[in-house]
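A quick write-up on the structure given underneath.
Here the structure is a predicted model, which means the values were calculated and not measured. Proteins come first, then strands; the chains are lettered A, B, ... in the order of their sequence lines, and each starts at number 1.
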Number of protein chains: 2
Amino acid sequence: MGLTKAEIFTDKQNKLAQMMKALAHPARIAIIQHLIKSQACVCGDLVDELGLAQATISQHLKELKTAGLIQGTIEGTSVCYCIDPKVWKQYKAAFEAFFVTFENGSSCC
Amino acid sequence: MGLTKAEIFTDKQNKLAQMMKALAHPARIAIIQHLIKSQACVCGDLVDELGLAQATISQHLKELKTAGLIQGTIEGTSVCYCIDPKVWKQYKAAFEAFFVTFENGSSCC
DNA sequence: CATATCAATCGCAATATTACGATAAACTAA
DNA sequence: TTAGTTTATCGTAATATTGCGATTGATATG
């Protein structure tokens with residue numbers, strides 16, 4: 001079916017899965033890392049950095065924007081992207097909260 | 001195309017994206033959480049807990065097993081699943097390492 | 001042995017994702 | 001205005017994911 005049955009899961013489960021999904025592609029990881037590395041705002045040189053077509057990059061940027069992880073401000077003809085620190089912290093906290101639920105456990109089988 | 005161009009990204013980027021993907025579905029999140037909650041190993045009652053068909057649960061379990069996050073040992077007619085603490089720690093470390101790359105930053109645009 | 005139970009796998013249908021060329025929209029500069 | 005630059009969007013093709021019914025294989029139990 002390809003259609004996730006979101007209604008049978010909790011809001012938290014759906015949201016966490018959505019967060020994971022936003023980062024579940026190497027291109028989006030690479031975009032985030034590039035935005036972080038180049039301290040200042042980075043515009044369209046992502047196309048040169050990664051080996052993907054402009055349309056593809058734009059699509060990934062859109063997904064990251066929809067996820068809230070990045071912001072884009074128009075600057076002349078180009079657009080300036082950067083991480084949204086607030087959302088970043090939320091992601092970080094959500095991931096930490098998830099991973100902390102299983103600590104120092106030993107496998108039982 | 002639907003085919004990720006893995007060869008243009010680094011190993012780390014591909015691996016991290018793969019990890020995210022393994023958890024990028026509410027059913028898999030729910031499975032993990034259920035395994036954690038019920039301290040002891042839980043076998044086939046996942047089908048009763050979540051509202052998904054047996055075949056679907058089995059498929060998600062397989063993906064989690066492929067990701068290394070869970071182990072399954074046969075116990076009579078049923079199978080006993082639990083988290084692999086070693087891999088869990090690796091995931092935790094990888095996610096932390098990723099999120100720590102952007103700290104106390106302020107949005108620049 | 002026959003039957004019941006549990007989990008994995010197969011096969012299929014519906015939908016989602018990834019990628020890209022082509023085009024459009026917005027702005028700059030000449 | 002015209003041409004050039006940059007990014008978004010559209011349309012399309014290839015592939016992946018999700019979900020489930022049906023079947024299979026393995027192991028109990030009568």
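Looking only at side-chain heavy atoms (C-beta outward), A:L23 and A:Y91 come within less than 4.5 Å of each other. Counting only heavy atoms from C-beta outward, the side chains of A:E103 and B:K92 approach each other to under 4.5 Å.
Within residues 56-69 of chain A, the residues having any heavy atom under 4.0 Å from DNA chain C are, by residue number, A:T56, A:Q59, A:H60, A:E63. Remark: A:K21, A:H25 in residues 15-27 of chain A come within less than 4.0 Å of DNA chain C through at least one heavy atom.
In this entry the distance linking NZ of A:K5 with C1' of C:dA13 reads 14 Å, nearest Å. Counting to the nearest Å, the C1' atom of D:dT18 and the CG atom of A:N14 are 14 Å from each other.
Checked against side chain to side chain contact (heavy atoms under 4.5 Å, CB included), A:A93 has no partners two or more places apart in sequence or in another chain. With sequence neighbours left out, B:S38 forms a side chain to side chain contact (heavy atoms under 4.5 Å, CB included) with B:H34, B:V42. The ring pair (Phe, Tyr, Trp, His ring centres under 6.0 Å) check on A:F95 picks up B:F95, B:F99, with sequence neighbours excluded.
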Name every donor-acceptor pair, under 3.5 Å, that has one atom in a side chain of residues 48-68 of chain B and the other anywhere in the protein, sequence neighbours excluded.
residue, atom, partner, partner atom, Å
B:H60, ND1, B:R28, NH1, 3.0
B:E63, OE1, B:R28, NH1, 3.2
B:T66, OG1, B:K62, O, 2.8

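Rounding to the nearest 0.5 angstrom, the gap separating the CG atom in A:L69 from the CD1 atom in A:I32 is 5.0 Å. In this structure, CZ on B:F98 lies 4.5 Å from CD1 on A:I29, to the nearest 0.5 angstrom.
Within the structure, every pair that satisfies the side chain to side chain donor-acceptor pair (under 3.5 Å) test and touches residues 12-22 of chain A, not counting sequence neighbours, is listed here: A:T10-A:Q13, A:Q13-B:Q33.
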With B for base contact, S for sugar-phosphate-only contact and - for none (protein heavy atoms under 4.0 Å), nucleotides 22-30 of chain D reads B----BS--

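Note on B:Y81: every side-chain N or O is 4.0 Å or more away from OP1 and OP2 of C:dC6.
For A:L52, whose side chain is taken as the heavy atoms from C-beta onward, the closest listed nucleotide among D:dT6, C:dA7, C:dC20 is C:dC20.
Within 6.0 Å of the CD1 atom in A:I8, the count of heavy atoms belonging to other residues, nucleotides or ligands exceeds 12.
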